[in-house]
Structure formats: structure tokens, C-alpha cells
Amino acid sequence: MAQSLDRLRESASQTAGPYVHIGLTPNFCGISGVYATDLGSTMVSDKTKGERIGLKIRVLDGTGTPLKDALIEIWQADADGLYNSPTEMRGAADPNFFGWGRCPTDMETGVCAFETIKPGRVPFRDGRLMAPHVTLWIVARGINVGLHTRLYFSDEQKANGEDPILARIEHRVRVPTLIAERQGDIYVFDVHLQGEKETVFFDS
Amino acid sequence: MPSESGSNRKPETGTFFQRERTWHPPALTPGYKSSVLRSPQKALLSFDNTLSEIAGPAFGHAMLGELDNDLIHNFARPGESAIGERIIVHGRVLDERGIGVPGVLIEFWQANAGGRYRHKKDGYLAPLDPNFGGCGRTITGEDGGYAFRTVKPGPYPWPNGPNDWRPAHIHFSVFGHGFAQRLITQMYFQGDPLIWKCPIVRGIADKAAIEALTAILDTQATIPMDALAYKFDIVLRGRRSSLFENRPEGN
């Protein structure tokens, strides 16, 4: 026998289920009067610095059918690559950009539409710059543990080529699963839960 | 949005302990049919946290409304209240080191006392309660503590097997200080025999992990002649200390 480490264990995850909107986006599902707005529904204001972009994200199941009951949260740096977070020690982020957004998939089309700004580059642990990216967290009925991945940008080829996380992907054919395609001011990104085009999900 | 951290503590910047994937339910739990086509099949890409995972949004107490943590009244008509067994749910958000996590947003949602959700996708024949919406939120205090008032949700049948019933439960969404701590889970109630029959719960292999999601009746926290109380602690991933940090609370 030896001493105990006296550590606790993380609460086990359970699915967000089909009624996630009630808790996280009540106005979206017709529960009005409790919160003035759904948290995370607006990310930018006139004062926010940076290039305005849209993200159109879908989540597809193993048959290629878009999920219509998923919820996506995004988390990103500001235009200068700073996070609006107490943990950010490198400087003060744009006070007009919170950096976090939340969107349920449309109940008809399955599309999540975010209006945000293009993030700046954030350093990796060793100081090299990562390519601009947005962290994604996806929950839904049938997803037992929230899925973590990133969205990178198709018009950042050079930065993507230097990115230390993308560089870790052994099967290079899977790298494009993390790169959103620019169409005008909109980036289109499909998350594939299964199949040949399965998105690279993270354990970090 | 205000981003006061809700705490006077110096922020920690260490990386998080790795998630114990065998303690959580796996992605594929065939007894829970919805997981079959929605579970990734390839290996996850593992890496130690970068700043993108270490940092996270901070929500200030200023965003909260007076009734946000009172589901009995936050959707009810003036002077009325939700029907059901009145309960207080309280506890602490801790990390794996046992340290309280202050200033984090918790959101919760649930069915009404009859087991019916206020959602167009729920067609269960139990009636809606006109005075119950089913959502609430709060932010943890300095010691990680939180509390809210609600009615005990009812169990309900769901389309999985031909006769599957969910145990009474409350959904919890919890932020930590880093986005890597983000967690959604469910709280069950002590003594509910449906817990051990539920295909969603049974996706968790370890009985101890299920018991850790089961709130205990807390008669000391009841409000006499008003409400029963259940205690439910939530544990988030712990954080490594950084050699370059001054950490007055120690390890």
C-alpha cells in the first residue's frame, strides 16, 4: 500500500440530448421571457476590430445527413491573436470582442451561422505561431462526450503549412477535414462525425 | 459583455490533466441508438493544451437576472409558481485537485414534474405546466459553490428501445477557467431505480462514475415547510501548476 493522491475524478460526461436548446438557447426554442437574449448569439459589434467573416458550419452523421439538433460553441482569439480571458498573460484583448459564441443548428437546414472576425495567430507552446484557427465544441443527442476540434482557413495556406497541430496529423489526407473553404466573406465547414471524411477530433 | 472573473485569485495558466477517457462513456454505446451514427470511429488527435485550450471565456455575475436560479418562478405568471416537488439543488464546482472553481457559469435544464419538456420535439402525453419553462443558470461563488431552486423533474419514456425510460435528471452545462474544461453532464437522484436501467447512463462503465453523478438528499439544506434539498458536486479537469507561477493556495 502507498499513500492516496487525494485527487477527485472529473464528472463523467453525459449527452446534451435532444432538448439542449431549453438550457442553452431557450429563446431559439420559444422559451421567451427568462433571458433577454440567448448567450453567445452575437459576437461582434461596430467597435470590434478585425476582418468580418461568416462561418457556415454543418455537422453530418455517418450517412451524410446533417444533424438538426446539434449545438456548436466556438472560441477564438481576437484580430491580434489575444484571447479575452483571465488566463491571457500576453496583453489585453480587444474589449469589444468576447471571443466565444454559441449557435444551434438550424432545425430545417442543419446550418450553424456565426458572424465573427478572422482571428490573429496565437503562439504554440514553444513560441512558434499557430495558424489562425477557431476552436469548436460540438454537442448533440447521440454524442456522449462533447467533441473538440478546430476550424482553420483555406486562404491561410502558408500559415497552415507551419501549424504545429496540423503537422501532428499522421495521415496527411485527413488535414483538409480541418480547413474551411472561403466563399466570399463566408467560410464553409462540414464536420463529418464518421466515414472516409471523418473530421480529426482532438483529445487535449 | 462584462468579463470580470468573479474572483480575486491570480489566474492559473497551467495545462490540464488529461481526460480519463475510460471513465467517461465511449463515443459508441450501441444500447443508446443515437450514438451509432454520431460516434467518431477514428483515433483522437492527442496533444498537450495550447493557449487555445488553456484560456476560456469568463462570464460576470452582472449577466444574471434575479430569477435566473429559480426555475419555480422564472417562467411563471406573476403570483404563480411551477407545480411539483419543490427542491433546492446545491453543491460546489471543484477541480480534480479538490479546489473550488469560482466564477464559472453553470446552466441547467430539465423536464417538468410530469416528465415533459417545453420543446416542440417532445410529444410525451404528460402535460406542460404553464408556469414552468425548465431552464436556469448561475455563476459559482468564491468557493465554487452554487445553488438553485426548482421542482423535481419526472421520469419519462423515450424512443430508444420499445419501453425505455429516463430516470429523473437535470442537465448541467459547466464552463471552467479553460475551454478544455468545458463539460455537459446530467444529475440523477439518489434512490431512483431507473438509473441502473437507462441506456444513456449505462454507457458509463464504472459504477463509481455513475454514483458520482447521483445527487444525495441533504436534509440539513432543506427549507422547512418549503423545499427538500439535494447536494450535487461537479468535478472539472484539474490543472498542472506552472513552475513560473506564484500559487499561494499550493497543490
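What you see is a predicted model; the values in this text were computed from it and never measured. Labels below follow one simple rule: chain letters A, B, ... track the order of the sequence lines, proteins then strands, and each chain is numbered from 1.
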| Step by step, would you call F59(B) with F98(A) a ring-ring contact (aromatic ring centres under 6.0 Å, His included)? | CA-CA 10 Å; F59(B) 301 91; F98(A) 192 58; 5.4 Å; yes
| request: Please determine, among P57(B), S39(B), S35(B), the option with the most heavy-atom pairs under 4.5 Å with chain A. | output: P57(B)
| Contact winner vs chain B - D69(A), L5(A), L147(A), heavy-atom pairs under 4.5 Å | D69(A)
| task | Check step by step if ring-ring contact (aromatic ring centres under 6.0 Å, His included) holds for F175(B) and W75(A). | result | CA-CA 12 Å; F175(B) 285 80; W75(A) 169 240; 9.4 Å; no
| field | Side-chain donor or acceptor of R168(A) paired with backbone N/O of S46(B) under 3.5 Å | value | yes
| message | If the threshold is 4.0 Å, N to carboxylate O, is there a salt bridge linking D95(B) and R7(A)? | response | no
| message | Does R137(B) qualify as a cation-pi partner of Y35(A), given the criterion of NZ or CZ under 6.0 Å from the six-membered ring centre and within 45 degrees of its axis? | response | yes
| task | Name the region of N96(A), side chain, backbone, both or neither, that has any atom closer than 4.5 Å to a heavy atom of chain B. | result | neither
| Given that the side chain runs from C-beta out, which part of V36(B) has a heavy atom under 4.5 Å from chain A: side chain, backbone, both or neither? | backbone
| field | chain B contact via F124(A) - side chain, backbone, both or neither, heavy atoms under 4.5 Å | value | side chain
| field | Which portion of S32(A) sits near chain B, non-hydrogen atoms under 4.5 angstrom | value | backbone
| task | For each of P40(B), G178(B), G98(B), G136(B), tally heavy-atom pairs with chain A at distances under 4.5 Å, and name the one with the top tally. | result | P40(B)
| query | Is R19(B) salt-bridged to D203(A), cutoff N-O under 4.0 Å? | reply | no
| field | H169(B) and Q14(A) side chains, donor-acceptor separation under 3.5 Å | value | no
| query | For A43(B), is it the side chain, the backbone, both or neither that has a heavy atom under 4.5 Å from a heavy atom of chain A? | reply | backbone
| query | Any donor-acceptor pair under 3.5 Å linking the side chain of T13(B) with the backbone of T87(A)? | reply | no
| task | Could you have a look at T29(B), L94(B), I234(B), D122(B) and say which one has the most heavy-atom pairs with chain A under 4.5 angstrom? | result | D122(B)
| request: Could you tell me which non-hydrogen atom of K42(B) sits nearest to which non-hydrogen atom of G195(A), and how far apart they are? | output: NZ-O, 3.1 Å
| message | At a heavy-atom distance under 4.5 Å, which candidate from L236(B), L64(B), D68(B) has the highest pair count against chain A? | response | D68(B)
| request: Take the angle between the ring planes of H148(A) and F47(B) and call it parallel below 30°, perpendicular above 60°, tilted in between. | output: tilted
| message | So that I can tick it off, tell me whether R9(A) and E20(B) are bridged by a salt bridge, with the cut-off set at under 4.0 angstrom between side-chain N and carboxylate O. | response | yes
| Segment of L105(B) engaging chain A (4.5 angstrom heavy-atom cut-off) | side chain
| said: Does any backbone or side-chain atom of A212(B) lie under 4.5 Å from a heavy atom of chain A? Answer side chain, backbone, both or neither. | reply: neither
| If you tally heavy-atom pairs under 4.5 Å against chain B, which of D6(A), I165(A), T199(A) wins? | I165(A)
| message | Counting only non-hydrogen atoms closer than 4.5 Å, does H133(A) touch chain B with its backbone (N, CA, C, O), its side chain (CB onward), both, or neither? | response | side chain
| query | In terms of heavy-atom proximity below 4.5 Å to chain B, should P26(A) be classed as side chain, backbone, both, or neither? | reply | side chain
| query | If you round to the nearest 0.5 Å, how far is CG of D126(A) from OG1 of T50(B)? | reply | 11.0 Å
| With only heavy atoms counted, which part of V20(A) is less than 4.5 Å from chain B, the side chain, the backbone, both or neither? | both
| field | Salt-bridge contact R102(A)-E107(B) (side-chain N to carboxylate O under 4.0 Å) | value | yes
| Under 3.5 Å donor-acceptor, H119(B) side chain and Y19(A) backbone | no
